Enquirer: 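Just passing along the structure, written as structure tokens.
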Amino acid sequence: MGLQRVKPHAEIAEVWPRDGRIRLVGRLHGLPSNDAAGTAVTWQLVLTRRAHPDQRLRYDAHLTGDRFEGELPVADLAAADHAAVEEWDIHLSDGETELRAGRRLDDIRGKKKIFVYPEQRTGNIGVRPYYTVKDNLSLECRTGGAA
């Protein structure tokens, strides 16, 4: 059995939804190591509203080697014109490269049906991280009561 090549992405190791924030921890996977020692590159968590890709939210991500950590306030996801269900896709970006956040380097397939994260409320919207059918990490925002 040959090894499956996985394209560069932001490999999620930990998801911490609590206290009105979602904290993400992981590693950048598949990028060449940076030979320019001392060069400061600013990475950000970038959330893209799936129904309106021009709407993006950005949050600083802290990098140590290839390990990243960042967090976002769930209150920012309450768009004024939100539908009953909104989805936001998560990427890590340095301004040039944009890596999809997901979890692909383990042996768990079908994370969408396995991993269930707690919902947090902001106003009348519930926000919950979830894995897509492609094992990417996204956020779901639902109007009204808990799902």
Side-chain angles (χ1 to χ4, degrees), residues 1-79 82-83 85-123 125-142 146-147:
M1 197 182 323
L3 287 174
Q4 178 183 356
R5 288 201 38 92
V6 178
K7 68 181 182 177
H9 68 281
E11 179 74 8
I12 297 292
E14 301 172 35
V15 179
W16 296 95
R18 66 175 177 225
D19 300 327
R21 305 183 81 70
I22 298 173
R23 186 170 147 252
L24 303 174
V25 179
R27 295 192 178 281
L28 301 180
H29 172 78
L31 291 182
S33 59
N34 187 357
D35 296 327
T39 302
V41 176
T42 302
W43 284 83
Q44 292 185 315
L45 287 174
V46 178
L47 276 58
T48 304
R49 189 173 171 194
R50 198 176 290 170
H52 302 277
D54 56 316
Q55 292 183 18
R56 303 181 111 194
L57 301 172
R58 297 177 182 275
Y59 305 94
D60 288 341
H62 305 284
L63 239 67
T64 305
D66 65 350
R67 184 181 183 279
F68 69 85
E69 185 173 328
E71 65 177 33
L72 57 111
V74 296
D76 288 1
L77 300 170
H82 61 80
V85 177
E86 290 282 354
E87 294 163 313
W88 294 78
D89 294 325
I90 303 171
H91 293 81
L92 237 71
S93 175
D94 67 355
E96 291 180 20
T97 303
E98 193 164 277
L99 302 174
R100 185 68 166 99
R103 190 166 177 170
R104 302 187 195 100
L105 300 180
D106 57 21
D107 290 332
I108 303 168
R109 298 295 168 250
K111 292 175 191 65
K112 184 176 181 81
K113 294 180 181 178
I114 298 171
F115 288 84
V116 178
Y117 294 103
E119 178 184 82
Q120 295 186 79
R121 307 289 303 164
T122 179
I125 296 176
V127 178
R128 182 189 311 266
Y130 76 96
Y131 283 100
T132 69
V133 294
K134 293 183 178 178
D135 293 334
N136 291 320
L137 188 66
S138 292
L139 301 173
E140 180 183 76
C141 303
R142 281 190 181 272

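In what follows, every heavy atom counts, from backbone to side chain, and hydrogens, waters and symmetry copies are set aside. Only a predicted model underlies this, so the values are computations on that prediction, with no experimental measurement involved.
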Enquirer: Quick one: pull up CD in E14 and CZ in R103 and give me the separation to the nearest 0.5 Å.
Expert: 9.0 Å
Enquirer: Please examine the side chains of L99 and L31, heavy atoms only from C-beta on, and report whether any two atoms are closer than 4.5 Å.
Expert: yes
Enquirer: Would a distance-only check, ignoring hydrogens and angles, find a side-chain to backbone donor-acceptor pair under 3.5 Å from R100 to L137?
Expert: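 Such a contact is found between R100 side chain and L137 backbone.
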Enquirer: Might you point out which heavy atoms bring T122 and A75 nearest each other, and give the distance in Å?
Expert: OG1-CA, 3.3 Å
Enquirer: How many angstroms lie between OG1 in T48 and CZ in R58, if you round to the nearest 0.5 Å?
Expert: 7.5 Å
Enquirer: Check whether H9 reaches the backbone of K7 with its side chain - one donor and one acceptor, N or O, closer than 3.5 Å.
Expert: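 It does hold such a pair.
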Enquirer: For the pair R27 (side chain) and E11 (backbone), establish whether a donor and an acceptor sit closer than 3.5 Å, ignoring hydrogens and angles.
Expert: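 No; zero donor-acceptor contacts below 3.5 Å.
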Enquirer: So, for R50 and S138, which heavy atoms are closest and what is the spacing to 0.1 Å?
Expert: NH2-OG, 3.4 Å
Enquirer: For the residue pair D76 and L57, what are the closest heavy atoms and their distance?
Expert: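 Shortest heavy-atom contact: O-CD1, 3.6 Å.
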Enquirer: Could you pull out the closest heavy-atom pair between V25 and R23, with the gap in Å?
Expert: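 Taking every non-hydrogen atom into account, CG2-NH2, 3.6 Å.
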Enquirer: In the structure I gave you, are the side-chain heavy atoms of Y131 and V15 within less than 4.5 Å of one another anywhere?
Expert: yes
Enquirer: First locate atom CG of L139, then atom CD1 of I90, and finally report the distance between them rounded to the nearest 0.5 Å.
Expert: 4.0 Å
Enquirer: Which pair of heavy atoms, one from P129 and one from I22, lies closest together, and at what distance?
Expert: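 Where P129 meets I22 most closely, the heavy atoms are CG-CD1, 4.0 Å.
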Enquirer: Determine whether E87 and Y130 make a side-chain contact, defined as any pair of heavy atoms from C-beta on separated by less than 4.5 Å.
Expert: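 Of all side-chain heavy-atom pairs linking Y130 with E87, at least one is under 4.5 Å.
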Enquirer: For the pair S93 (side chain) and G95 (backbone), establish whether a donor and an acceptor sit closer than 3.5 Å, ignoring hydrogens and angles.
Expert: yes
Enquirer: Are any side-chain N or O atoms of Q120 and backbone N or O atoms of G20, one a donor and one an acceptor, separated by less than 3.5 Å?
Expert: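 Checked: pair present.
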Enquirer: Measure across R21 and P73 and return the closest heavy-atom pair with its distance rounded to 0.1 Å.
Expert: NH1-CB, 3.6 Å
Enquirer: Is there a donor-acceptor contact under 3.5 Å from the side chain of D135 to the main chain of K111?
Expert: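 Pair found, side chain donor or acceptor close to backbone of K111.
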Enquirer: Can a side-chain donor-acceptor contact be found between W88 and E86 if the only test is distance below 3.5 angstrom?
Expert: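 Judged by distance alone, the side chains do not pair up.
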Enquirer: In the structure I gave you, are the side-chain heavy atoms of V46 and L92 within less than 4.5 Å of one another anywhere?
Expert: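 No, every pair of side-chain atoms sits at 4.5 Å or beyond.
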Enquirer: With a 3.5 Å distance limit and no angle check, can you tell me whether E140 reaches the backbone of V85 through a side-chain donor-acceptor pair?
Expert: no
